[in-house]
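Naming: A, B, ... by sequence-line order, numbering from 1 per chain. Side chains included, hydrogens not; waters and symmetry mates left out as well; all remaining heavy atoms used.
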There are 2 protein chains.
Amino acid sequence: MDQNGKRKARATLVEVAELALVSKSTVSRVINEDAAVSEEARQRVLDAIRATGYRVNQSARALVSNKTGAIAVAIYEQLATYFTSSFSGAMVTALQDFFFERDLQVLILPAPNRERQKRIEKYIYEGHVDGAILLGPVREDILLSDLLSAQVPIVVGGRPIGSDSVSYVDIDNAKASELAVQELIRSGRKTIGFITGQLSNASATDRLRGYKLAIDGSDARDDETLIGIADWGYESAAIATRKLLELHPELDAIFCSNDLMATAAIAVIRDSGRKIPEDIAVIGFDDSPIALRTTPQLTSVAQSPEDYARALGENLLKQMSGEDLSPKPVILPTQIVWRDSFKPENHK
Amino acid sequence: MDQNGKRKARATLVEVAELALVSKSTVSRVINEDAAVSEEARQRVLDAIRATGYRVNQSARALVSNKTGAIAVAIYEQLATYFTSSFSGAMVTALQDFFFERDLQVLILPAPNRERQKRIEKYIYEGHVDGAILLGPVREDILLSDLLSAQVPIVVGGRPIGSDSVSYVDIDNAKASELAVQELIRSGRKTIGFITGQLSNASATDRLRGYKLAIDGSDARDDETLIGIADWGYESAAIATRKLLELHPELDAIFCSNDLMATAAIAVIRDSGRKIPEDIAVIGFDDSPIALRTTPQLTSVAQSPEDYARALGENLLKQMSGEDLSPKPVILPTQIVWRDSFKPENHK
DNA sequence: GTGAAAGCGCTAACAC
DNA sequence: GTGTTAGCGCTTTCAC
């Protein structure tokens with residue numbers, strides 16, 4: 001069998017059947033724990049499988065059953081960058097748990113740029129997977145192209161900019177942001193800075209919108225220069241905070257679009273000799289573990305990674321079962337987790 | 001076609017062929033840019049593909065061609081944890097680049113625990129992918145089970161503990177570590193601490209071995225309590241360093257098994273009021289970007305993520321082509337990148 | 001409870 | 001250049 005050093009060919013169903021003295025139908029039944037098979041035949045088949053080292057050929061199975069048993073989780077960003085947010089990390093882990101329990105394999109597909117995104121979309125619609133979850137800054141123009149017309153079950157995490165022809169799960173970013181800023185205003189803060197992440201991202205624009213809404217309906221200072229633009233990362237947020245402090249020495253609160261940026265803000269504020277929350281109150285977004293590691297600990301707007309993952313998973317499963325094909329958004333609630341960087345009672 | 005609201009069935013080769021008035025062979029040729037096809041026929045086929053929205057069925061193609069066009073990169077660790085090391089992040093990115101250029105799709109498979117590892121190994125040997133790269137703390141007993149007997153092309157990143165029946169790529173951890181410690185000794189340091197990562201990991205044990213080798217052949221203090229055990233992370237390394245400083249106030253150097261832990265060591269040393277490198281020299285491992293962000297900047301033992309990725313990729317490709325099936329290690333060289341936390345001229 | 005037979009959608013000889 | 005044909009390895013009716 002192995003005459004000239006070649007790799008031994010993989011055993012097939014037929015070979016197992018021959019060795020077990022049954023038909024390949026019976027072998028198939030045993031493998032799939034399907035219909036009733038006599039215990040005797042079952043044992044013979046199991047032995048033959050062991051003897052031949054048989055493994056099912058997934059391509060063949062997928063061809064006939066039209067199922068691959070795999071789910072793509074495409075991440076439209078550099079992986080290392082994506083996983084710096086601990087919300088993302090926890091969420092992807094929860095996603096894996098969700099599908100693991102349902103016997104589906106999660107494939108993480110990194111799509112850091114346009115070229116790769118195209119390739120991954122091709123990978124998805126050519127039938128390597130039964131469905132896909134798209135994470136990160138997904139843009140409509142990229143999405144709509146081939147993926148939607150291919151009718152593959154798809155759910156996006158976070159509302160894709162400008163798109164309403166695809167299912168997505170998101171939190172009410174604008175509302176969450178508005179509520180947080182309102183709390184700052186209620187405590188008597190008047191000059192409230194805002195540090196935003198990249199505005200190519202829908203959640204960034206929504207959180208910014210919420211901030212503006214809260215400011216608009218109040219007596220707090222309304223000034224475009226109170227908005228610092230960063231990129232979700234530490235460095236850029238530190239720079240933005242420094243600039244804010246220079247421009248507005250009377251600043252008495254900062255709301256940040258994520259916790260990592262709030263960490264930077266806290267460091268810069270403390271370096272400047274100001275006290276938190278007495279002089280400047282700080283609120284972050286995501287309630288990630290780093291919110292516990294700052295001094296003082298960070299008040300943050302929370303979303304549950306587990307709930308988020310479950311919402312994504314269930315939506316996808318529904319589409320995969322053909323139950324519910326109309327695109328629909330799922331909006332998840334948030335709440336503020338109060339810590340020392342700002343509490344409602346910290347009046348100014 | 002879409003009578004009762006059902007999803008429109010996907011077009012097949014035959015339908016395209018009928019519409020284009022050619023045989024399915026010709027359609028196949030056009031799709032695969034294969035043999036010569038008359039320009040006229042080619043256009044008709046292309047039009048028909050567009051008209052029908054045809055997409056190749058990967059399962060069918062894989063069944064007959066015995067190729068999936070995908071490579072698994074299994075990560076035997078929590079993804080978020082794995083990507084905290086910037087070497088890992090850069091390496092995986094380089095790996096993606098490597099395979100992208102060769103038209104192979106990289107699938108990241110997170111295998112944080114035994115249960116998942118089993119599932120992923122099954123996924124691999126059932127033929128979803130053409131080959132696999134295993135990263136993280138891979139253990140022999142897990143590996144050898146089914147994967148090797150299934151004869152799937154496999155390369156491991158980092159020598160798996162106790163295994164020699166699988167190809168792997170690694171740096172010469174022991175040698176690299178020994179050289180770094182020898183430099184410390186040569187500069188006159190006598191009480192050299194070592195902070196190790198989890199010893200379940202082969203590179204951790206090798207780096208520790210190199211440290212011991214260097215100490216053994218020298219007049220530096222040989223004392224088990226100079227070895228601090230941490231888990232590659234910041235917190236545990238900070239604790240280990242503090243303990244080291246308490247136990248050995250005369251400590252004049254610390255060598256850390258990775259840069260993140262060296263960062264922690266630096267912070268603790270500076271907190272204690274000691275100067276780097278005057279009082280205590282510090283060397284890290286990996287030359288990751290954080291080595292540039294410490295004060296002082298960190299001297300570190302370097303391995304190139306790109307070279308590492310290329311070595312993994314080429315080894316795997318060789319196995320996939322059937323060229324080279326014998327398991328063999330590839331050992332990559334390292335060098336010390338000198339920065340301010342220690343230089344050869346910083347004599348004690 | 002079991003087997004025979006059809007066929008999933010594609011590629012790859014092999015003729016013409 | 002193009003069509004015909006024979007499978008790839010599996011699941012799944014449908015008889016028995």
Side-chain angles (χ1 to χ4, degrees), chain A residues 7-46 48-49 52-70 122 125-130 150 152, chain B residues 7-46 48-49 52-70 122-123 125-128 130 150 152:
Chain A
R7 215 175 283 182
K8 191 171 49 187
R10 199 163 149 173
T12 71
L13 259 198
V14 185
E15 296 169 50
V16 174
E18 281 168 359
L19 192 61
L21 303 171
V22 296
S23 74
K24 48 182 196 154
S25 315
T26 299
V27 179
S28 176
R29 285 179 189 119
V30 172
I31 290 169
N32 297 298
E33 295 164 345
D34 230 34
V37 177
S38 70
E39 189 50 31
E40 195 195 322
R42 229 178 68 82
Q43 276 311 327
R44 282 212 311 277
V45 169
L46 257 24
I49 288 178
T52 53
Y54 170 80
R55 335 226 171 229
V56 71
N57 178 323
Q58 275 301 339
S59 307
R61 172 180 280 177
L63 176 57
V64 51
S65 67
N66 224 2
K67 289 209 168 354
T68 65
K122 192 170 168 223
Y125 67 67
E126 284 185 346
H128 279 105
V129 294
D130 298 334
V152 186
Chain B
R7 214 176 286 182
K8 190 169 52 185
R10 197 164 150 173
T12 70
L13 259 197
V14 185
E15 295 168 52
V16 174
E18 281 169 358
L19 193 61
L21 303 171
V22 296
S23 74
K24 49 182 195 152
S25 313
T26 299
V27 178
S28 175
R29 285 179 189 119
V30 171
I31 291 169
N32 296 299
E33 297 165 341
D34 230 35
V37 176
S38 71
E39 189 50 32
E40 194 195 323
R42 229 178 68 82
Q43 277 309 328
R44 283 212 312 276
V45 169
L46 256 24
I49 287 178
T52 53
Y54 170 80
R55 334 228 172 230
V56 73
N57 179 322
Q58 274 301 339
S59 307
R61 173 180 277 177
L63 175 58
V64 52
S65 69
N66 223 2
K67 290 213 167 350
T68 64
K122 194 171 168 221
Y123 187 82
Y125 67 59
E126 283 185 347
H128 279 104
D130 298 334
V152 186

Problem set entry | CG on L63(A) to OG1 on T68(A), rounded to 0.5 Å |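 Output value for this atom pair is 12.5 Å.
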
Exercise. Rounded to the nearest 0.5 Å, how far apart are OG1 of T52(A) and CG of L13(A)?
Worked result: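 It comes to 9.5 Å.
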
If I take atom [atom1] in residue [X] and atom [atom2] in nucleotide [N], what distance separates them, rounded to the nearest angstrom?
{"X": "E126(B)", "N": "dG9(D)", "atom1": "CD", "atom2": "P", "value": "15 Å"}
{"X": "N66(A)", "N": "dC10(C)", "atom1": "CG", "atom2": "P", "value": "11 Å"}
{"X": "E33(A)", "N": "dT11(D)", "atom1": "CD", "atom2": "C1'", "value": "16 Å"}
{"X": "L21(B)", "N": "dG3(D)", "atom1": "CG", "atom2": "C1'", "value": "14 Å"}
{"X": "E39(A)", "N": "dT2(C)", "atom1": "CD", "atom2": "C1'", "value": "16 Å"}

Problem set entry | Residue closer to the 5' end of DNA chain D, V14(A) versus R42(B) (nearest nucleotide) |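 The 5'-side residue here is R42(B).
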
For this session: Let me know, please, whether L63(B) or A41(B) comes out on the 5' side of the other along DNA chain D by nearest nucleotide.
Result: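 Comparing both residues, the 5'-ward one is A41(B).
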
Problem set entry | Residues touching DNA chain D, which here means a heavy atom under 4.0 Å, drawn from residues 54-61 of chain B |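 Those residues whose heavy atoms fall under 4.0 Å from DNA chain D, taken from residues 54-61 of chain B, amount to none.
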
Exercise. What residue among V14(A), V22(A), T12(A), L19(A) forms side-chain contact (heavy atoms from CB on, under 4.5 Å) with V27(A)?
Worked result: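 Output: one option passes, namely V22(A).
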
Problem set entry | Residue list, side chain to side chain donor-acceptor pair (under 3.5 Å) with E39(A), at least two apart or on another chain |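 For E39(A) the side chain to side chain donor-acceptor pair (under 3.5 Å) partners, ignoring immediate neighbours, are R42(A), Q43(A).
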
Problem set entry | For S25(B), side chain to side chain donor-acceptor pair (under 3.5 Å) partners two or more places apart |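 S25(B) satisfies side chain to side chain donor-acceptor pair (under 3.5 Å) with no other residue.
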
Heavy-atom pair of closest approach, residues [X] and [Y]:
{"X": "Y125(B)", "Y": "R55(A)", "answer": "CD1-CD, 3.2 Å"}
{"X": "G127(A)", "Y": "S59(B)", "answer": "O-OG, 4.2 Å"}
{"X": "V37(B)", "Y": "A41(B)", "answer": "CG1-CB, 3.9 Å"}
{"X": "Y54(B)", "Y": "A11(B)", "answer": "CD1-O, 3.3 Å"}

Between [options], which nucleotide has the shortest distance from any of its atoms to the side chain of [X]?
{"X": "S38(A)", "options": "dT2(C), dG9(D), dT11(C)", "result": "dT2(C)"}
{"X": "N32(A)", "options": "dT11(D), dG3(D), dG3(C)", "result": "dT11(D)"}
{"X": "L13(B)", "options": "dT11(C), dT2(D), dC8(D)", "result": "dT11(C)"}

For this session: List for me each residue that meets side-chain contact (heavy atoms from CB on, under 4.5 Å) alongside Q58(A), sequence neighbours excluded, and say none if there are none.
Result: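 Per chain and number, Q58(A) pairs via side-chain contact (heavy atoms from CB on, under 4.5 Å) with V56(A), R61(A), E126(B), H128(B).
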
Exercise. Taking five pairs at each end, how big is the angle between the two axes of the helix from dG1(C)-dC16(D) to dC16(C)-dG1(D), to 10°?
Worked result: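 Comparing the axis at each end, I get an angle of 30°.
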
Atom pairs under 3.5 Å, N or O on each side, protein against nucleotides 4-7 of chain C: can you list them with distances?
from: dA4(C); atom 1: N6; to: S25(A); atom 2: OG; distance (Å): 2.8

Problem set entry | Short side-chain N/O contact to dT11(D) OP1/OP2 from S65(A), under 4.0 Å |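 So the side chain of S65(A) is outside the cut-off, no N or O lying under 4.0 Å from OP1 or OP2 of dT11(D).
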
